[in-house]
Visitor: 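Dropping the structure in here first, questions after.
Predicted model, so just to flag it, every value in this text is computed and none were measured.
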Amino acid sequence: MRSIKTIIAIAVGGLLLISNRTLAQQTTAADSALMDRVSALEQQVANTKPGEDHFMVAGLTTIGLVTGKSTNTVGGVSTVSRTSTFGDADTYEFSPMLLWRHGDKFLMEFEPSFNNDGLGVNWADISYFAAPGLIFRAGYMVLPFGIYNKRLAAGWIDKLATDPIGLDQPNSTDYGFEVMGGLPLGDMKWSYDVGVFNGMQLLSDGQLQGAGVTDNNINKTFSGRLGLLPFSNSSLEVGVSALTGKVGDEGSAYANTRTNMYAFDLSTVQKVSPFTVNIKGQFNVVNIDRQNYLNPNDSTQTYTYNNHSTSVFGIVSLRPNYLDDAFLKNVELSFRYANSITPANSDWGSNTNQVTEGLAYWINWRTVLKLTHETQNGNSTVNQMIVPTTGNTKTDYWFIQFSIQL
């Protein structure tokens, strides 16, 4: 499971409202009013102990079981493989979070994470609270692009056990500097989150990977998101994101290759008695300048393709918050559809649909037990002059997952 960059208070504010009868009017605001959530976290840290410096340890853990099968069909011949495991990218994560506040202006965040049999870092940054609605941040952080990676991906926030497909571009985290905040706009509200980062590196087959701590060129990548809550009750938020930057290695034949990415997102929470209806969605577009790539089977020849990818997901959740039954009011039913299309005639082209449904029981606002069922149907669209087709791949998996934020 991919971890996200979100200040703990973002999700705390959102999930507290989920279990409250005022959810329908305020949850989206809690998702977007960044300054309010940061202020709440600051107050919590300040109350921990007296003095100029304050230190707090928080974090999250996810553990569970995944079982199912994958069927790959090429040329009419099918191969079936089965899986049953307690630990994979969707069912295990242990991530403590260290918060250190210095005075009223500085907050340092560090979240290491153990998953996929390795120790990594989700984010490590320092924030300066310059004024209401104005925060500066520098370090290793989640990119401001769309809503999923920054707000929804943590196990104790996500209503399903898996992530939507197609959200691996752009990379979720990078080294850089950002400015963020939110302000009233009459009866409406708006938020902004913009930054400059090292960016991504173009690989020999046209795919992208993170450049890492040392940039692969002298260009910088710009990424940002603007969000608008048009109603006074903040029941709806729409957002637009953009990212642009060069991705080729300095001095290489691809040095001037650029990527341009866009995302559009929507989030709304409404009361339809006795349910709270929660709808979220995101649509991504990834464009990379057309280039000629070496044929891995014959270095004297090249091939090219339109390096254009799209991905989309939408999730609808129903929770009967307004029932008197103490058990049923904590049950939430969710359905998600996702699609990912990567470039045809590349050596990694595919068109994949993902359908996920699940039942979650909220033990409290930050502790959840989930049962999730997911199927995927993917068709290979690779250039068969370069690599053999992988045909059609269908997967059918069940997940049992427990997540908690501490």
Side-chain angles (χ1 to χ4, degrees), residues 1-3 61-94 113-118 148-149 152-169 172 207 282 284 309-317 331-344 346-361 368-384 387-403:
M1 174 179 301
R2 181 173 45 214
S3 294
T61 188
T62 296
I63 189 168
L65 171 71
V66 56
T67 182
K69 68 177 182 177
S70 175
T71 304
N72 179 245
T73 303
V74 181
V77 179
S78 297
T79 303
V80 178
S81 59
R82 297 182 180 276
T83 297
S84 180
T85 179
F86 279 109
D88 72 352
D90 288 307
T91 54
Y92 184 78
E93 177 186 5
F94 182 82
S113 181
F114 180 78
N115 56 30
N116 291 332
D117 290 330
Y148 188 82
N149 288 332
L152 306 177
W156 63 282
I157 300 175
D158 199 346
K159 303 172 189 303
L160 298 167
T162 63
D163 296 318
I165 56 175
L167 297 183
D168 52 341
Q169 293 297 331
S172 60
Q207 296 190 72
Q282 182 174 319
N284 288 8
S309 302
T310 62
S311 62
V312 63
F313 83 87
I315 180 171
V316 179
S317 300
V331 174
E332 189 163 20
L333 179 66
S334 299
F335 174 84
R336 185 182 68 208
Y337 172 80
N339 171 261
S340 174
I341 302 175
T342 54
S346 67
D347 68 1
W348 46 288
S350 68
N351 186 335
T352 304
N353 295 307
Q354 179 193 63
V355 176
T356 312
E357 57 274 345
L359 194 65
Y361 181 75
V368 59
L369 180 65
K370 292 177 271 189
L371 175 66
T372 300
H373 176 246
E374 181 173 280
T375 58
Q376 289 190 29
N377 188 350
N379 291 299
S380 173
T381 60
V382 301
N383 183 340
Q384 297 185 46
V387 294
T389 180
T390 56
N392 171 265
T393 302
K394 295 181 179 179
T395 63
D396 190 332
Y397 286 98
W398 286 91
F399 301 81
I400 300 174
Q401 185 188 87
F402 173 79
S403 297

Visitor: Applying side-chain contact (heavy atoms from CB on, under 4.5 Å), name anything that partners Gln376, two or more places apart in sequence or on another chain.
Guide: Ile165, Thr352, Gln354, Glu374, Thr395

Visitor: Just by distance, do the side chain of Thr389 and the backbone of Thr381 share a donor-acceptor pair under 3.5 Å?
Guide: no

Visitor: Step through the shown structure and confirm whether more than 12 heavy atoms of other residues, nucleotides or ligands are within 6.0 Å of CD1 on Ile400.
Guide: no

Visitor: Atom CD1 of Ile157 and atom CG of Leu152: how far apart are they, to the nearest 0.5 Å?
Guide: 7.0 Å

Visitor: Closest approach of Asn115 and Tyr92, non-hydrogen atoms and distance?
Guide: CB-O, 3.5 Å

Visitor: Side chain of Lys370, backbone of Gly155: donor and acceptor closer than 3.5 Å?
Guide: yes

Visitor: Can any side-chain N or O of Asp158 pair as donor or acceptor with the backbone N or O of Asp163 at less than 3.5 Å?
Guide: no

Visitor: Measuring from Ile63:CD1 to Glu93:CD, what's the distance to the nearest 0.5 Å?
Guide: 12.0 Å

Visitor: According to the interplanar angle, ranging from 0 to 90°, do the rings of His373 and Trp398 count as parallel (below 30°), tilted (30 to 60°) or perpendicular (above 60°)?
Guide: tilted

Visitor: Side chain of Thr372, backbone of Ala161: donor and acceptor closer than 3.5 Å?
Guide: yes

Visitor: Which pair of heavy atoms, one from Asn284 and one from Gly166, lies closest together, and at what distance?
Guide: ND2-O, 4.5 Å

Visitor: Could you tell me whether the side chain of Arg336 and the main chain of Gly358 form a donor-acceptor pair under 3.5 Å?
Guide: no

Visitor: Taking side-chain contact (heavy atoms from CB on, under 4.5 Å) as the test, write out the residues that go with Phe335, two or more places apart.
Guide: Tyr337, Val355, Glu357

Visitor: Mind running side-chain hydrogen bond (donor to acceptor under 3.5 Å, both in side chains) on Ser317 and Ser334 for me, showing each step along the way?
Guide: CA-CA 4 Å; Ser317 300; Ser334 299; 2.8 Å; yes

Visitor: Could you walk me through whether Leu167 and Phe313 satisfy the side chain to side chain contact (heavy atoms under 4.5 Å, CB included) test, starting with their C-alpha distance in whole Å, then the side-chain angles of each, then the deciding distance to 0.1 Å, before giving a yes or no?
Guide: CA-CA 9 Å; Leu167 297 183; Phe313 83 87; 4.3 Å; yes

Visitor: So which atom in Ser84 and which in Leu65 form the shortest heavy-atom distance, rounded to 0.1 Å?
Guide: OG-CD1, 4.1 Å

Visitor: Hey, does the side chain of Asn72 reach the backbone of Asn392 with a donor-acceptor pair shorter than 3.5 angstrom?
Guide: yes

Visitor: Is there a side chain to side chain contact (heavy atoms under 4.5 Å, CB included) between Tyr397 and Ser70 once you walk through the steps?
Guide: CA-CA 8 Å; Tyr397 286 98; Ser70 175; 4.0 Å; yes

Visitor: Going by atom types alone, do Thr375 and Asp396 pair a side-chain donor with an acceptor below 3.5 Å?
Guide: no

Visitor: How about Thr62 and Ser403: does a side-chain donor come under 3.5 Å of a side-chain acceptor?
Guide: yes

Visitor: Got a second to check how far Gln384's CD is from Asp347's CG, nearest 0.5 Å?
Guide: 12.5 Å

Visitor: Just jot down the side-chain contact (heavy atoms from CB on, under 4.5 Å) partners of Leu333, sequence neighbours excluded, or say none.
Guide: Leu359

Visitor: Whether the side chain of Thr342 engages the backbone of Trp348 through a donor-acceptor N/O pair (distance < 3.5 Å, no angle test) should be reported.
Guide: yes

Visitor: Hey, what do you get for OG1 (Thr61) to CH2 (Trp156), rounding to the nearest 0.5 Å?
Guide: 13.5 Å

Visitor: Between Pro343 and Ser346, which heavy-atom pair has the shortest distance, and what is it?
Guide: O-OG, 2.7 Å

